[in-house]
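Chain naming here is simple, since letters A, B, ... match the order of the sequence lines and numbering starts at 1 in each. The shown structure was predicted, so the numbers you read here are calculated from the model rather than taken from an experiment.
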2 protein chains.
Amino acid sequence: MKISSRFSVAVHILSLLSLEPNAHHTSEWMAGSVNTNPVIIRRVTSQLKKAGLVAVRSGTGGATLMKPAEQISLLDVYRAVEAVEEGELFGFHEHPNPQCPVGANIESVLQLVMLRAQTAMEQVLGEITLDQLSAELKHKIDEKMC
Amino acid sequence: MKISSRFSVAVHILSLLSLEPNAHHTSEWMAGSVNTNPVIIRRVTSQLKKAGLVAVRSGTGGATLMKPAEQISLLDVYRAVEAVEEGELFGFHEHPNPQCPVGANIESVLQLVMLRAQTAMEQVLGEITLDQLSAELKHKIDEKMC
DNA sequence: TTTCTTGTAACAATTATAGTTACAGCGCAG
DNA sequence: CTGCGCTGTAACTATAATTGTTACAAGAAA
């Protein structure tokens, strides 16, 4: 089971906003780059908007970053698109038998452990900014131009 | 989207094997503790067996650990039940537009970043042994007995 | 007003999970 | 050597989430 590709789509969108500031960022234009349906883009953009990461001009169309790229972490994006509910990366089996010593106590022990694992992953995402990612991306792009 | 509860069921099973060495660990008995169907238990047990973590006596029934609990990490269990394919925790949108500079390069950049995040999580799992987890569990159990 | 765009609803197709029944086949007890 | 209990697995269901689609009301500007 994988984390929804909404997350990678969201990062793609933000990269476009960050690296191509002069384009007219309509959902259709971005869908062309992501290679999907414009509605997919609008859905994700809508979540990014709710999270205060982008502004969208309805009517005329187009989206823009609401914060400087160095103040947007991948964790912000991850949370924005709800790729995973907060603190719920790991699924648990429900209602283990409370009569059994193991069944009665496994949940709390597992919760702790899993949370530690999950937090480690989120910390990595939290330390990477859109700015850094865009820079890496730009580097790759320029490389190929030679 | 969550990681399959197969993982938590597997840990539950191994905890039973580790903490209650005298019981007859049939799928039905374990299903009673996990509170699910015996077939669910057999399916997971079967994966643990393939991974060399447990032995199952067909005929008579019952399962046992194949390694000492301090040599089984939660990462081993995680891999055994294929809660997530190796290196594929994050889903990606496929075939971004190669004509677009961002589309052409986002995949490789994202792969790197996501892999780092995923690895951080797996490392935590790798550092926790069944032994440690059982000890915590036993501690909780004894606590409640007072 | 016309035109382009967004935001959303509604729906289909696909995919994975979790649970269930059913049954062949193994292995020990008697 | 036969019967019993248990495993391994197939087959099927129900459920839920994702991704992709079409369709359309409502916003904004030329």
Side-chain angles (χ1 to χ4, degrees), chain A residues 1-10 12-13 17 23-51 54-64 78 80-85 88-97, chain B residues 1-10 12-13 16-17 23-32 34-51 54-64 78 80-85 88-97:
Chain A
M1 196 128 262
K2 299 177 190 194
I3 289 171
S4 164
S5 70
R6 273 200 304 277
F7 179 41
S8 71
V9 171
H12 190 143
I13 290 173
L17 300 187
H24 187 206
H25 302 107
T26 66
S27 60
E28 189 154 3
W29 184 83
M30 294 195 280
S33 172
V34 173
N35 189 23
T36 183
N37 194 288
V39 175
I40 302 290
I41 303 290
R42 284 184 224 146
R43 287 208 273 244
V44 172
T45 310
S46 169
Q47 292 184 284
L48 295 174
K49 184 170 139 189
K50 268 183 205 145
V54 305
V56 184
R57 274 180 303 280
S58 65
T60 317
T64 16
Y78 177 83
V81 297
E82 295 166 316
V84 167
E85 302 285 309
E88 312 229 315
L89 176 59
F90 290 87
F92 292 87
H93 58 288
E94 304 183 309
H95 317 304
N97 187 344
Chain B
M1 195 129 260
K2 299 175 191 196
I3 290 171
S4 164
S5 69
R6 272 199 306 276
F7 180 40
S8 71
V9 170
H12 190 143
I13 291 173
L16 289 171
L17 299 188
H24 188 204
H25 301 109
T26 66
S27 60
E28 190 155 2
W29 183 84
M30 295 195 279
V34 173
N35 189 25
T36 184
N37 194 288
V39 176
I40 302 291
I41 302 291
R42 284 183 225 146
R43 286 209 273 244
V44 173
T45 310
S46 169
Q47 291 184 285
L48 295 174
K49 184 170 138 188
K50 267 183 206 144
V54 305
V56 183
R57 274 180 302 280
S58 64
T60 319
T64 15
Y78 178 82
V81 297
E82 296 166 318
V84 166
E85 301 286 309
E88 312 228 317
L89 176 58
F90 290 88
F92 292 88
H93 57 290
E94 304 184 308
H95 316 304
N97 187 344

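Using a 4.0 Å heavy-atom criterion, one finds that B:Gly62 contacts the sugar-phosphate atoms exclusively. Within 4.0 Å (heavy atoms only), A:Thr45 reaches no atom of the nucleic acid at all. Heavy atoms of A:Lys49 sit under 4.0 angstrom from primed sugar atoms or phosphate atoms, though from no base atom.
Computed from coordinates, the B:Met1 CE to C:dA18 P distance equals 11 Å when rounded to whole Å. Between the C1' atom of C:dT17 and the NZ atom of A:Lys2 lies a distance of 16 Å, rounded to the nearest Å. Between the P atom of C:dT17 and the CZ atom of B:Phe7 lies a distance of 15 Å, rounded to the nearest Å. If you measure from atom NZ of B:Lys50 to atom P of D:dT7, you get 16 Å, rounded to the nearest angstrom. Rounded to whole Å, the distance from CZ on B:Arg42 to C1' on D:dG5 is 11 Å. Residue B:Arg6 contributes atom CZ, which lies 8 Å from atom C1' of C:dT17 at whole-angstrom precision. Spacing between atom CD1 of B:Ile41 and atom P of C:dT20 amounts to 12 Å, rounded to whole angstrom units. Remark: P of C:dC28 and NE2 of B:His24 are 12 Å apart, rounded to the nearest angstrom.
Considering only residues two or more places apart in sequence or on other chains, A:Thr36 meets the side-chain contact (heavy atoms from CB on, under 4.5 Å) condition with A:Val34, A:Ile40, A:Ile41. The side chain to side chain donor-acceptor pair (under 3.5 Å) test applied to A:Glu82 returns A:Gln47, not counting sequence neighbours.
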Requested in this report: Any chance you could lay out the side-chain contact (heavy atoms from CB on, under 4.5 Å) test for A:Ile3 and B:Met1, step after step, and finish with the verdict?
Outcome: CA-CA 6 Å; A:Ile3 289 171; B:Met1 195 129 260; 5.9 Å; no
Show me the protein contacts with nucleotides 10-12 of chain C, counting only N or O atoms at under 3.5 Å.
residue: C:dA10; atom: N6; partner: A:Arg43; partner atom: NH1; Å: 3.4

Protein-nucleotides 28-30 of chain D N/O pairs closer than 3.5 Å?
none

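Residues A:Ala80 and A:Leu48 share a closest heavy-atom pair of CB-CD2, 4.0 Å. Between B:Asn97 and A:Asn35, the closest heavy-atom pair is N-CB, 4.1 Å. Heavy-atom minimum distance, B:Val81 versus B:Ala10: CG1-CB, 3.6 Å.
Note on the helix from C:dT1-D:dA30 to C:dG30-D:dC1: angle between the axes of the first and last five pairs equals 10°, rounded to 10 degrees.
Here the CD-CG distance, from B:Glu28 to B:Asn37, works out to 9.5 Å after rounding to the nearest 0.5 Å. One distance of note links CZ of A:Arg42 with OG of A:Ser58; it measures 12.0 Å at 0.5 Å rounding. Here NE2 of B:His25 is found 11.0 Å from OG1 of B:Thr45. Values are rounded to the nearest 0.5 Å.
Where B:Asn35 and A:Glu28 meet DNA chain C, the nucleotide closest to each residue was compared, and A:Glu28 sits on the side nearer the 5' end.
Distance from the side chain of A:Ile40 is smallest for D:dT21 among the nucleotides C:dG7, C:dA18, D:dT21. Distances from the side chain of A:Thr26 to the nucleotides C:dG19, D:dG20, C:dT6 place C:dT6 closest. Closest approach to the A:Asn37 side chain among C:dG19, C:dA22, D:dG20 is made by D:dG20 (side chain taken as heavy atoms from C-beta onward).
Considering only side-chain N and O atoms, A:Thr36 lies under 4.0 angstrom from the phosphate OP1 or OP2 of D:dG20.
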Distance-only donor-acceptor hits, side chain of residues 88-95 of chain A, under 3.5 Å, sequence neighbours excluded:
residue: A:Glu88; atom: OE1; partner: B:Lys2; partner atom: NZ; Å: 3.1
residue: A:His93; atom: ND1; partner: B:Ser8; partner atom: OG; Å: 2.7
residue: A:His93; atom: NE2; partner: B:His12; partner atom: ND1; Å: 2.9

